[in-house]
2 protein chains.
Amino acid sequence: MKPTLQTVADQVGVSRSTVSNAYSRPDQLSPELREKIFDAARELGYSGPNPTARSLRRGRAGAIGVLFTTALSSAFTDPYAVQFLRGLAEIAEDNRTGLLLVPLRDDDDGALEAVRNAAVDGFVVYCVPGWYQAMEAAWARGLPVVNSDRSGALYVGIDEVAASRAAGEHLMRLGHRRVAIIADYISPDRGTGEVIIKAPEELGSYVSRERLTGYRDAFAAAGLDWSHVTTISAAGNSREHGAAAAAYALDRAPRPTAVVATTDLLALGVLDALATRELRPGRDVSVIGFDDIPDAAQAHMTTVRQPALDRGRIAGRLLLDPPDDPARRRIVLPTELVVRASTGPAPTGSV
Amino acid sequence: MKPTLQTVADQVGVSRSTVSNAYSRPDQLSPELREKIFDAARELGYSGPNPTARSLRRGRAGAIGVLFTTALSSAFTDPYAVQFLRGLAEIAEDNRTGLLLVPLRDDDDGALEAVRNAAVDGFVVYCVPGWYQAMEAAWARGLPVVNSDRSGALYVGIDEVAASRAAGEHLMRLGHRRVAIIADYISPDRGTGEVIIKAPEELGSYVSRERLTGYRDAFAAAGLDWSHVTTISAAGNSREHGAAAAAYALDRAPRPTAVVATTDLLALGVLDALATRELRPGRDVSVIGFDDIPDAAQAHMTTVRQPALDRGRIAGRLLLDPPDDPARRRIVLPTELVVRASTGPAPTGSV
DNA sequence: TTGAAAGCGATACCAG
DNA sequence: CTGGTATCGCTTTCAA
């Protein structure tokens, strides 16, 4: 039989409240008594108040639910994602709160069940889109949710369209007119290869949708029609998938003078593909990524910097104590185009 | 006021038990009544039984605690670690169980508090050593713990010493006698640079201790004394730290003919360092890693393969239903030396 | 099938 | 500073 508060109280000869106070409100009793209680607890093998019972009574679960798709590997392999999680974990720690990973597998029912069953004080949505059901379930719990697409919700993010538009403008300014774009989650079959995207706005994946839209706008402003831009689907967000997708852009004639990707990981893969073909980044082919992960700097890659760590931190703060002022519930962080050596003027005679 | 089971029961005009059954034991009532109850719930905005209350009553938290040090980034950046977590998550999912990340920061008290407060059914220890206090706290909870060093505990791992001894023997067989070893957590100041390790057995870090010991044994058997082996501390388990540490081995005369590392990530850094210096892996300098992460194969790197995914899966199973038979509570998985192009005969005239 | 009653283990208010 | 009392929201026999 596991010892409880009562067990200890009986042993010491005090009431439950006093034992509870010994653990939760040290100022409510004498140090001597407190020590005596702890001694008894140790002797009985009592390791402190039961967290579940405490949560029930206090009305606080003491954990943040992190919703992500079962592609756990990709979620944690992406340095951007890791930074986001770090920021979140930092705030969680400061608030004595844990992080409960809620894996969403492909089977709908199980996923919904998991969301409904999670003992948490709120959710951070951190997964590829298409999980509206899971997000709905999170909402239905009546708990705060950060980054569901729902209006009025808590949100922290960046102006994706403006950020990628800036990158597109940079490219246009350099004179590039034969451009390929690599993105994930833009093909129905999730495979690698060229796909026709009539209108980026209609894409299901939030990130790809917004970033492609930004590029489209920048190109349009420079007179480059979207239909002349090659869009290539990557099977996932990884360096390898980026390289594989890049092949569809590089091994064709005429070769694009610029290949941009919606994430740094993909763009690093493009650089790998260039290296394989002995093409020079920024000279033969310009490359732009997105995120500015550490490897991007090391690869001298032009990219859009977004504050991943801050995003995680702010997500945590929004969740743990949501501002009353609706205006402060939706936070848009600044981004910055970081120009490095992977972009340069379009090769002459290339148009 | 948030709706509860009672609210719904009152609305429908049945008892709490019936509503509870509607959610947890569908076979206990008529489908019509069940639907009626769900309708009422929806109308009232009741999203199902409160997870915390349910946990308290059922005596099951529905989550596994994962103990790891706050170097969250390194925990998730290491592909080996990610694989382990995937395996764990897989089993957790199958058992409708969540994963609660319990970050252990450097401040002791907060960490212990976090362990004591985690609403979980057991712990998986997944952190660098030196956290005996936290592990003790986990034990004190009276819950199952996988991979605490405690004897009699649940354990899943590999024979680290034998595995690295095999790698060392491979090196000896190839004739290498000038060897450098790179490892993390072997220097008191956690910096990068050469350190003198009199006896590997005395190292604090479990992994580094065991793996260095295995190498030491293999070298000794071939007549190479440990005092002639250069040991270099890496400031962390990453490619970059590996490359930085490798500099201490490569930029000296006479240069070692082989540089081995305790993890693939570090060893990949060594390969990077070789590339920078235009040295050929397996010809000028042999390199061996440990783990066999995907990048290792891609880099044609000799390494020790360990089943990361299985390790995670088995950890999960051990925790979720611990075998009665003590012998089945400690599981040692097989490893395999994978010889690739990064190792070759010691350059002639090198001795 | 359905419902009444008894906790699960702890906390908080409020007298004493 | 201490202790009684009333929950927190749900599950689970056991009768009806």
Side-chain angles (χ1 to χ4, degrees), chain A residues 1-38 40-41 44-62 96 113 116-121 141-143, chain B residues 1-38 40-41 44-62 96 113 116-121 141-143:
Chain A
M1 181 54 196
K2 273 192 95 169
T4 70
L5 253 191
Q6 186 70 261
T7 323
V8 180
D10 291 349
Q11 172 86 350
V12 182
V14 295
S15 78
R16 302 204 298 254
S17 335
T18 305
V19 179
S20 176
N21 282 335
Y23 283 97
S24 312
R25 328 175 78 173
D27 52 310
Q28 298 293 299
L29 65 153
S30 67
E32 300 79 44
L33 180 53
R34 187 159 184 251
E35 265 319 308
K36 197 169 152 196
I37 289 175
F38 286 166
L44 291 167
Y46 177 74
S47 61
N50 176 318
T52 305
R54 165 179 278 182
S55 290
L56 177 59
R57 186 59 243 242
R58 298 227 254 228
R60 180 173 174 283
R96 313 197 152 288
E113 202 52 40
R116 278 197 277 259
N117 252 319
V120 298
D121 298 313
R141 291 276 304 268
L143 299 173
Chain B
M1 180 57 195
K2 273 193 93 168
T4 71
L5 253 190
Q6 185 71 260
T7 323
V8 179
D10 292 348
Q11 172 86 349
V12 183
V14 294
S15 77
R16 305 204 297 252
S17 340
T18 305
V19 179
S20 175
N21 283 335
Y23 283 97
S24 312
R25 327 175 80 174
D27 52 311
Q28 297 294 301
L29 44 86
S30 67
E32 300 80 43
L33 180 53
R34 187 159 184 251
E35 267 318 308
K36 197 168 152 198
I37 289 175
F38 285 166
L44 291 167
Y46 178 73
S47 61
N50 175 316
T52 306
R54 165 178 278 181
S55 290
L56 177 59
R57 184 60 239 240
R58 287 194 174 158
R60 180 174 174 282
R96 311 196 154 290
E113 202 53 39
R116 278 197 278 259
N117 251 320
V120 299
D121 299 312
R141 290 277 304 267
L143 300 173

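Residue numbering restarts at 1 for every chain, and letters A, B, ... go by the order of the sequence lines.
- Formation of a donor-acceptor pair under 3.5 Å by the A:D121 side chain with backbone atoms of A:R60 is not found in this model.
- Side-chain contact check for A:R54 versus B:N117: some heavy-atom pair is nearer than 4.5 Å.
- Side-chain atoms of A:L33 and A:I37, non-hydrogen and from C-beta on, do get closer than 4.5 Å to each other.
- For A:R34 (side chain) and A:A22 (main-chain N/O), a donor-acceptor pair under 3.5 Å exists by modelled atom type.
- Regarding contacts with the backbone of D:dG3, a side-chain N or O of A:T18 is found under 4.0 angstrom from either OP1 or OP2.
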Could you run through nucleotides 10-16 of chain C and give me one letter per nucleotide, 5' to 3': B if any protein heavy atom sits under 4.0 Å from the base, S if only the sugar-phosphate is that close, - if neither? BBB----
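- Among the atoms of the strands shown, only primed sugar atoms or phosphate atoms (P, OP1, OP2) are found under 4.0 Å from some heavy atom of A:L29.
- Counting only heavy atoms from C-beta outward, the side chains of A:P49 and A:R57 never approach each other to under 4.5 Å.
- One can place CG of B:L56 at 17 Å from P of D:dT7, the figure rounded to the nearest angstrom.
- Residues A:T7 and A:T4 have side chains that bring a donor and an acceptor to within less than 3.5 angstrom of each other.
- Using a 4.0 Å heavy-atom distance criterion, A:T52 is classed as making no nucleic acid contact.
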